[in-house]
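Computed from a prediction, not measured in an experiment: that's the story for all the values here. Naming convention: chains lettered A, B, ... in sequence-line order (proteins, then strands); numbering from 1 in each chain. Atoms considered below: every heavy atom in the structure, side chains included; atoms not considered: hydrogens, waters and symmetry mates.
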Protein chains: 2
Amino acid sequence: MRLQDEAAALKGQNNVDDAETMLRTHNCKATAPRIAVLRALLRHGGALDIASLTKLAQSEVPEIHEATVYRTIGTLSDRGMVTHVHAGHGPSLVRLGGDHGLIALCRTCNRVTELPTATVERFILEAQEAIGFTLEPGHFALEGVCANCA
Amino acid sequence: MRLQDEAAALKGQNNVDDAETMLRTHNCKATAPRIAVLRALLRHGGALDIASLTKLAQSEVPEIHEATVYRTIGTLSDRGMVTHVHAGHGPSLVRLGGDHGLIALCRTCNRVTELPTATVERFILEAQEAIGFTLEPGHFALEGVCANCA
DNA sequence: ATATGTGCAAACGATTTGCAACCCT
DNA sequence: AGGGTTGCAAATCGTTTGCACATAT
């Protein structure tokens with residue numbers, strides 16, 4: 001099962017052990033801070049910066065430190081459970097799941113949109129053919145204005 | 001005349017006043033630090049981070065401070081003479097000229113490549129049609145592996 | 001029991017800002 | 001003369017790290 005699906009499957013349930021299970025499956029020690037961080041990501045669903053993620057996690061485990069969240073994201077990232085996206089100025093964003101496609105950041109509402117795989121792949125192919133450059137857009141966002149804000 | 005051309009035209013000559021002229025044309029006070037920064041950009045041609053740019057400029061005006069270079073880039077940017085590009089982790093890059101197309105950063109050699117306008121425009125159009133998102137990629141780079149490093 | 005994870009504070013790199021002195025125009 | 005510009009030092013923001021203590025297995 002892909003991690004996105006795994007996450008999606010767990011997201012509906014209210015079982016407190018979801019995150020814990022997920023951690024163990026991926027050979028991570030199931031500590032309270034990690035569980036809280038992962039649960040925050042599961043609950044929220046979208047992309048989050050570390051500061052917001054920390055606040056969310058702290059609603060379950062108040063003494064979690066931001067540094068711990070950074071380290072947690074680091075290990076979750078190593079295990080392929082989350083991905084980070086560079087977003088220009090601001091802090092980078094974190095989301096559940098392994099490598100995904102190309103992300104676009106709305107300059108107005110700051111929301112994250114995933115660009116359609118087909119479109120992105122055609123683009124990558126064209127860039128490859130045109131100048132031999134192999135785009136690997138996994139961790140870099142683009143900027144623009146989303147449908148809602150236009 | 002477009003700024004890129006303007007820059008290109010000046011770049012060949014060795015006239016010390018090139019940068020000075022360019023500054024005056026754009027209603028900037030022609031101070032020594034500004035001239036040095038602009039000349040460094042003209043000489044180098046490509047995209048530069050502030051630290052490198054400062055070092056280059058200091059070869060002409062040794063006492064220039066990095067903070068000054070940041071401020072100079074700010075004003076040049078306001079006047080449309082330079083553009084900055086966010087490049088993931090590292091510092092952002094600065095290059096001559098107004099808004100350009102989409103830039104790709106080689107993960108291996110760290111060099112900057114401009115993606116072909118036609119390709120990028122088709123991509124933007126497709127994203128627009130597919131999900132209504134209007135991409136404005138001016139200031140965000142993508143990542144990948146360039147033809148040389150592949 | 002041991003390796004691993006944690007909180008905290010301090011270091012870090014990139015960028016910005018307050019301020020007094022300075023220099024273009 | 002006058003206001004924008006500079007250098008410097010200090011503040012800021014996001015992120016990383018060293019260390020003594022706590023915890024999961």
Starting at atom CG of L53(B), determine the distance to atom C1' of dA14(C), rounded to an integer number of angstrom. 15 Å
Is any side-chain N or O of S92(A) closer than 4.0 Å to OP1 or OP2 of dT15(D)? yes
Length of the line joining E20(A):CD and dT25(D):C1', which is rounded to integer Å: 12 Å
Round to a whole Å and report the spacing from CG of L76(A) to P of dG5(C). 11 Å
Please tell me if the side chains of E136(A) and V145(B) come closer than 4.5 Å, counting only heavy atoms from C-beta onward. yes
I want to check something: taking the side chain as every heavy atom from C-beta on, are I103(B) and L93(B) in contact at a cut-off of under 4.5 Å? no
When rounded to whole Å, the NE2 to C1' distance for the pair H89(B) and dC12(C) reads 16 Å
Please give, in whole Å, the distance from dG14(D) C1' to L93(A) CG? 12 Å
Please encode protein proximity along nucleotides 1-13 of chain D as a string of B, S and -, counting only heavy-atom distances under 4.0 Å. --BBSBBB-----
Rounded distance (Å) that lies between atom P of dT6(C) and atom CD of E66(A): 15 Å
Heavy-atom closest pair, residues P91(B) and D49(B): CG-CB, 3.7 Å
Rounded off to whole Å, could you give me the CZ-to-P distance for the R24(A) and dA24(D) pair? 10 Å
Which pair of non-hydrogen atoms, one from V61(B) and one from A36(B), has the smallest distance, and what is that distance? CG2-CB, 3.7 Å
Round to a whole Å and report the spacing from CD1 of I35(A) to C1' of dT23(D). 12 Å
Would you say dT15(D) has OP1 or OP2 under 4.0 Å from some side-chain N or O of Y70(A)? yes
side-chain hydrogen bond (donor to acceptor under 3.5 Å, both in side chains) with R111(B): which residues, sequence neighbours excluded? none
Between the side chains of R122(A) and E126(A), is the shortest nitrogen-to-carboxylate-oxygen separation below 4.0 Å, so that they form an ion pair? no
